[in-house]
Every structure is written in C-alpha cells, then in structure tokens.
Amino acid sequence: MSNRNAIFAVVNAIPPGQVATYGQVARLAGLPGAARLVGNILHTVPEDTRLPWHRVVNAQGRISLPADSASYSEQIARLCAEGVIIEKGRLSLTQYQWRPTESPNPHSNRMPA
DNA sequence: AGCGTGACACGAC
DNA sequence: GGTCGTGCCACGC
C-alpha cells in the first residue's frame, strides 16, 4: 500500500461532524512530520471523490485553502452541514478534533488527551 | 535520478 | 493571542 492510500484510509475514517489536522492525519497514516504531504495529496484528489477531505484542517483550526477558492466555500458548507460551527474561517479544535479510538492504524496513533 | 514544491507544524517575536 | 520565519517529508515534474 502506498502512503497515498494510507492517507486516504485515515481521512476516510474521520467521523462526520469531526475534524482532524494535517499533522494528525500524517501520523495516523504512519508518516509523522509529513503534514504537508497530506495537503499535497488531497490537492491531487479528484473532485468527484468520496473522500471526506473537508474534515481536514490545519493545526490552527483554519481552512488552509485560499478564501476565494471554490473548495474553500465547499469545505465550509459541508462542515456546516455536519454541525461544525465555523467563525471567521475558524473552528474550535478542542471541540471538533477527532479523538481516534478505533483507527485503521492502531499501530501508530499517539494522541495525548 | 534529482530538484523544486506544497491545502503544514512548531518554535520565536 | 496572533503573526512571522524555519524545518520536514514524500510527491511530481
């Protein structure tokens, strides 16, 4: 399995109404420190994908896309539809960040409470 | 095969 | 508390 697929698997495992940071996804995918790669990969994802890419935000709880892009508003719309409240382009990580309990990779999920 | 790149994270101001 | 600058990794050209 390529790392790309590993990242897909992790993102795919994020429950609705919750979000994960790029770094978190990278770690869960077994690629600590490769946060940028996650964004890079997600950017190459086709638009018609089933992947819940909108549940991935940066460590600041902000949408990491250009505010004028279509994907930006798309992401906000989807999150909002799942009950995630976003203010000033920011959301509360402490409230919505995914706490992986039964991740596909129980191997490397290290996330302090 | 090598180099630049990016939807980031983290430590400092 | 926010903003700025540097480091990191794997991907794609």
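Just so it is clear: chains get the letters A, B, ... in the order the sequence lines come, proteins before strands, and each one is counted from 1.
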Checklist entry - Can you tell me how far P of B:dA9 sits from OH of A:Tyr22, to the nearest Å? => result 8 Å

Next on the checklist: Looking only at the side chain of A:Leu42 (C-beta and beyond, no hydrogens), which of the listed nucleotides B:dC10, C:dG2, B:dA7 gets closest?
Outcome noted: B:dA7

Item to check | Options B:dA7, C:dA10, B:dA9, nucleotide nearest the side-chain atoms of A:Asn3 | outcome: C:dA10

Checklist outcome for this item: With the side chain defined as heavy atoms from C-beta on, A:Asn58 is closest, among C:dC11, B:dA9, B:dA7, to B:dA9

Item to check | Distance-only donor-acceptor test, A:Arg36 side-chain atoms vs C:dG7 base atoms, 3.5 Å | outcome: yes

Next on the checklist: Can you identify which nucleotide, out of C:dA10, B:dA7, B:dA9, has its nearest atom closest to the A:Gln75 side chain?
Outcome noted: B:dA7

Checklist entry - Side-chain N or O of A:Arg90 less than 4.0 angstrom from OP1 or OP2 on C:dG2? => result yes

Item to check | Rounded distance (nearest 0.5 Å) linking atom CG of A:Leu93 with atom CZ of A:Arg62 | outcome: 11.5 Å

Checklist entry - Nearest-Å distance, CD (A:Glu74) to C1' (B:dA7)? => result 14 Å

Item to check | A:Ala67 versus A:Tyr72, closest heavy-atom pair with distance | outcome: O-CD2, 3.5 Å

Checklist entry - Taking CZ from A:Arg4 and C1' from C:dC9, how many angstroms apart are they, rounded to a whole number? => result 16 Å

Checklist entry - Once you round to the nearest 0.5 Å, how far does CD1 of A:Ile63 lie from CD1 of A:Ile86? => result 4.5 Å

Item to check | Non-hydrogen side-chain atoms of A:Asn12 and A:Pro52 separated by less than 4.5 Å | outcome: yes

Checklist entry - To the nearest Å, how far apart are A:Leu91 CG and B:dA7 P? => result 19 Å

Next on the checklist: What is the distance, to the nearest angstrom, from the CD1 atom on A:Ile7 to the C1' atom on C:dA10?
Outcome noted: 8 Å

Checklist outcome for this item: Whichever of A:Pro66 and A:Gln60 has the more 5' nearest nucleotide on DNA chain B, that residue is A:Pro66

Checklist entry - Base, sugar-phosphate, or nothing: which does A:Asn40 touch, judged by heavy atoms less than 4.0 Å apart? => result base

Next on the checklist: In this structure, how many angstroms lie between the P atom of B:dG6 and the CG atom of A:Leu65, rounded?
Outcome noted: 14 Å

Item to check | Atom-pair distance (NE2 on A:His43; P on C:dC13), nearest Å | outcome: 12 Å

Next on the checklist: Please give me the minimum heavy-atom distance between A:Gln75 and A:Val56, naming the atom from each residue.
Outcome noted: NE2-O, 3.0 Å

Checklist entry - In whole angstroms, how far is the C1' atom of B:dA7 from the CD atom of A:Glu47? => result 14 Å

Next on the checklist: Here's a test of your reading of the structure: between A:Ala35 and A:Thr44, which maps to the more 5' nucleotide of DNA chain C?
Outcome noted: A:Ala35

